[in-house]
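This report concerns only the one structure given below.
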Amino acid sequence: MERPRSEPTEASQLERARRGQVDAFAELVRAHHPSVRVFLAAHLRDSAAIDDLVQDVFLRAFDRLGTLRDGTAFRAWLLGIARNRLLEHLRERLRSGLPAPDALELLLDRTQLAILEGDDEESRRGLELEALRQCIRRLPPVGARLIREHYFKGRPITALAAEERKNEGALRMTLLRLREALRECVRRRVGAANES
Amino acid sequence: MSEDETRRLEELWTRFVARESLAKEERATLAAALERDEPLRRRMIGDLQLDGALRAAGDIEHGQEDVVAAVTALVTAAGKTEEVVAAVRRRLEEKARAAARSPAVLARRGGRTARFVAAAVLLAGGAAALALLLPGRDDARTLAPMTAENEPAAPLVPPEGAEGDRRSPAPARMGSTTAAGPGPRATVARLEVIEGRAYQHGADGRQRAAPALALAAGDWVSISGPTARARLAGPGGSRVDLAGEVVAGLAGDPAQPEGARLFLAHGRATATVPPSAARGPILVLASPHAIISGAGTVHLEVGTAVTRVEVRAGRARVSALGVQHATEIQAGQFTLVRADDLQPPRAQATPRLALLLVGPDDTKEGPPPAQGLRGSEERLKARLERLGFQVDVVDAGALSPDRARAAALMVLSPSVSSNRLDLRFAELPVPMLVLESTGFEQLGLTGARWKRDLGSAPPLSEIVIEDPAHPLAAGLSGTVKVLATPLNLRWAAPPASASLIARYAGAPDQAGLLFGYERGAATALGIAAARRVGLFLGNGRVIRALTEQGWRLFDAAVLWCAGG
């Protein structure tokens, strides 16, 4: 069976990174940072904490490259580190109570922790970024445009509501429905990919 | 659950996900509903996860290279921190060996001899605590201080241990001069991490410090990041607040068992030391250039070649390592200390007051902590303080005109809900620096028509200086990289009475990213009662991506605005 074209490159980058070559490791960061960030951001709302944990994950990965036995499973290994780091972070946050959370934050943190501790395949893998991108493309044009304008271009809901001639509440509901549609689409695509 | 209830909850939920501010009761309603309704909870958590993933996907489009650069720097710096600790350790060992060969240095000579014990713990076995002593009056010998200017020529080497292994054998106990194995660790201080990353460097190598960490003599701590903050609770009620990039080491005081020594190798710290009934100060501070003792509140800024010592309350005695006298600094005074130079104390100018206005709006960086500022606002505050302002953070919705008039400058964070600002704000005779485009419109810096007076620029990281001679240009010219990564900005087209300082390549006519009004100039709403500046820092993400040149433009905007 023909090996995927990217494999030899990543394998050699891994090998060089194991020998301490930071530029090789930087290439691995570039390639895998999106997956790690999406995984963490699905469980945390604080972008400063996400930035922090992204860096921690890659620092740990660099420190532990010597323990990676199967180079072809680098992404899964990396997401494993991310999952463990996220578990530590959520547990620490719940234990320390800093910053002081209210009942809503506590409930969300506990629920996210329970999902992660559930250790099922979906929680290990996280949301697949490529599947998400494809699902966005499959949305109706108006919906795809709203998702891109709000999430990718950072346009606030107030501005989008004015353009769409909707009130803000109606636009937020539209985004909720779009997110639900995307979630279902991603679930189907990932499920189909696993079966094939 | 009825349809009405579901609609209500969805409405609350969508506002929560959109990072809008919810009242306490609204949050409690949401929490109670999610708690009791498991299918609803699963559905909403799934929604939250997808919202997070979409935000991350948006961040990735714009912030990829920034992350790669940051991680690369961290991976490199992770080794450097250990190198700094090891290098400082080696310098102190050299001094100990030099001091041990000259016992005369230890003896009293004629006049008074100040004696100071500074500590370092060796991370390898066989370490000894060191005594760093000031020479007596008659002793011409000066001790070479630890500065980058006279670091040993040999390159730094990694700490002992296997390659890549950051663990080290246990340190000897402080005060021991013989090789000793690890003993019980007496706590000298406790570390509370308030924000950012903090690391403890001790017996087990480097590890991430958690809040409320007990530190023993010989431990080093480092904090990293422009908004990093930590607090050390020391002996006798003393307290040291660390901020920014800091490396500090702790030691006991053999002359005073209840006391401690803090060595600040680099960074900023504010120490509050209560008076002590004991033989000497309960906490003594040191840097590569200076030794500071006393009771009160002292602020230190330790750089490569100089330490700035400012006494904010009480008094302090300051010595330079290579100078044979000390000087007394009183509250309201500061001094600059180099290794071989101790300047006379100078009066600290009364800082001007800057109001940093904040609000509930989303700044694209997550909700702020319950008792704190957003990361971007912490950076703004720190930068203003660095420019010499005393900064009061104020909720824009609660600011009275009288309080505003007492300020030398008002800075409106992007979190301010500008469309809810009191219209009287526009008329206040207080210089204002406005960072977000709805503020431009509300305060009369521009008109209100989208795409004529305000608009969206494509993602960019560079701007073009149109008026390099103007003070707002910060001495920059041509194309300037102001952001680490391309981000979406808003442009503004002020009337001709404003000075347009910077644009972006390909911008529509009169569309600017930085502009200013002199006092008395005509604005879109009337006459500027004081200087007004509009600057492109429209959200927290942009602020956090600023390069040093971007910050220079911010500094220039602050100083020019506050100047009139």
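Note that the structure is predicted; figures quoted are calculated from it, not measured. In the text below, chain A, chain B and the rest are named by the order of the sequence lines, each starting its count at 1.
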Once the angle between the rings of His33(A) and Phe58(A) is folded into 0 to 90°, is it parallel (under 30°), tilted (30 to 60°) or perpendicular (over 60°)?
tilted
Between Ala53(B) and chain A, which part of the residue has a heavy atom less than 4.5 Å away: side chain, backbone, both or neither?
both
Is it true that atom CZ of Arg449(B) has more than 12 heavy atoms of other residues, nucleotides or ligands lying nearer than 6.0 Å?
no
Using non-hydrogen atoms only, which part of Arg110(A) is less than 4.5 Å away from chain B: side chain, backbone, both, or neither?
side chain
Do NZ/NE/NH1/NH2 and the carboxylate oxygens of Arg60(A) and Asp63(A) come within less than 4.0 Å?
no
Which bit of Ile147(A) is near chain B, if near means a heavy-atom gap under 4.5 Å: side chain, backbone, both or neither?
side chain
Heaviest contributor of heavy-atom pairs below 4.5 Å to chain A, chosen from Leu50(B), Leu54(B), Val17(B), is Leu54(B)
One pair to check against salt bridge (charged side-chain N to carboxylate O under 4.0 Å, His left out): Arg30(A) and Glu27(A). What are the steps and the verdict?
CA-CA 5 Å; Arg30(A) 192 172 280 115; Glu27(A) 291 306 312; 2.5 Å; yes
Steps toward salt bridge (charged side-chain N to carboxylate O under 4.0 Å, His left out) verdict (Glu11(B), Arg7(B)):
CA-CA 6 Å; Glu11(B) 195 259 339; Arg7(B) 262 201 298 275; over 6 Å; no
Cation-aromatic face contact Arg45(A)/Phe16(B), 6.0 Å, 45 degrees
yes
Can you tell which part of Leu182(A) gets under 4.5 Å to a heavy atom of chain B, answering side chain, backbone, both or neither?
both
Chain B contacts, top residue of Thr111(A), Leu40(A), Leu129(A) (heavy-atom pairs, under 4.5 Å):
Thr111(A)
Flag if over 12 foreign heavy atoms under 6.0 Å of CZ, Arg165(A)
no
Any idea which of Ile157(A), Leu44(A), Leu132(A), Ile50(A) has the most non-hydrogen atom pairs under 4.5 angstrom with chain B?
Leu132(A)
Partner chain B: residue of Arg155(A), Arg172(A), Glu168(A) with the largest heavy-atom pair count (under 4.5 Å)
Arg172(A)
For Arg177(A), is it the side chain, the backbone, both or neither that has a heavy atom under 4.5 Å from a heavy atom of chain B?
side chain
Part of Asn539(B) lying under 4.5 Å from any heavy atom of chain A:
neither
Heavy-atom cut-off 4.5 Å, strictly under: side chain, backbone, both or neither for Arg15(B) against chain A?
both
Start with the C-alpha distance between Arg91(A) and Glu88(A), add both sets of side-chain angles, then the distance that settles salt bridge (charged side-chain N to carboxylate O under 4.0 Å, His left out), and finish with yes or no.
CA-CA 5 Å; Arg91(A) 284 170 184 152; Glu88(A) 282 171 22; over 6 Å; no
